Amino acid sequence: RQEIKDFFEEDDVQNLFLKHKAPLEYFYNYYAMQGHKEISWNLEKNLYLMDLYEWTKFGNHTNLLPHVLNSEEMSMIFRAL
């Protein structure tokens, strides 16, 4: 978990995220809204949270899974975030 946090705090990584903020948010929101969302008082908040199913779908569609990471690594990263 600390390794992931340290990676995201690196200046180069932060600059990359800032440079591509709008498309990255669009990309994230697309996958976050793919799964079933329970209707509740927190529906708006839940629409922008990604569950493991949506995370795995993102990994498959971007060829991270299985070419860069295996299923276990994808799950580990999801749980760490």
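Predicted model, so just to flag it, every value in this text is computed and none were measured. Values below: all heavy atoms of this structure, side chains included; hydrogens, waters and symmetry mates excluded.
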If you look only at distance, which donor and acceptor atoms sit under 3.5 Å apart when one is on a side chain in residues 70-81 and the other is two or more places apart or in another chain?
{"unit_1": "Asn70", "atom_1": "OD1", "unit_2": "Glu72", "atom_2": "N", "d": "3.0"}
{"unit_1": "Asn70", "atom_1": "OD1", "unit_2": "Glu73", "atom_2": "N", "d": "2.8"}
{"unit_1": "Glu73", "atom_1": "OE1", "unit_2": "Asn70", "atom_2": "N", "d": "2.8"}
{"unit_1": "Ser75", "atom_1": "OG", "unit_2": "Ser71", "atom_2": "O", "d": "3.2"}
{"unit_1": "Arg79", "atom_1": "NH1", "unit_2": "Ser75", "atom_2": "O", "d": "3.4"}

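With sequence neighbours left out, the side-chain contact (heavy atoms from CB on, under 4.5 Å) criterion links Tyr26 to no other residue. With sequence neighbours excluded, the residues that form a salt bridge (charged side-chain N to carboxylate O under 4.0 Å, His left out) with Lys5 are Glu9. Remark: Val68 pairs with Leu64 by the side-chain contact (heavy atoms from CB on, under 4.5 Å) rule, at least two apart or across chains.
Atom OG1 of Thr56 and atom CG of Leu69 lie 11.0 Å apart (nearest 0.5 Å). Atom OH of residue Tyr30 and atom CD of residue Glu54 lie 11.0 Å apart, to the nearest 0.5 angstrom. Here the CD atom belonging to Glu10 is positioned 11.0 Å from the CZ atom belonging to Phe17, to the nearest 0.5 angstrom.
Note: the hydrophobic cluster containing Phe7 also contains Trp55 (ILVMFWY, side chain heavy atoms under 4.5 Å, direct or indirect links). Using a 4.5 Å cut-off between side-chain heavy atoms of Ile, Leu, Val, Met, Phe, Trp and Tyr, with links allowed through other members, Phe27 and Met50 fall into the same hydrophobic cluster.
The side chain to side chain donor-acceptor pair (under 3.5 Å) analysis of residues 58-68, with sequence neighbours excluded, yields the pairs Tyr31-His61. Within the structure, the salt bridge (charged side-chain N to carboxylate O under 4.0 Å, His left out) test picks out the following pairs touching residues 12-30 (sequence neighbours left out): Lys21-Glu25.
The neighbour count for Asn15 CG, taken as heavy atoms of other residues, nucleotides or ligands under 6.0 Å away, is above 12.
Proximity of the aromatic rings of Tyr28 and Phe58 is defined here by a centroid distance below 6.0 angstrom, and this criterion is not met.
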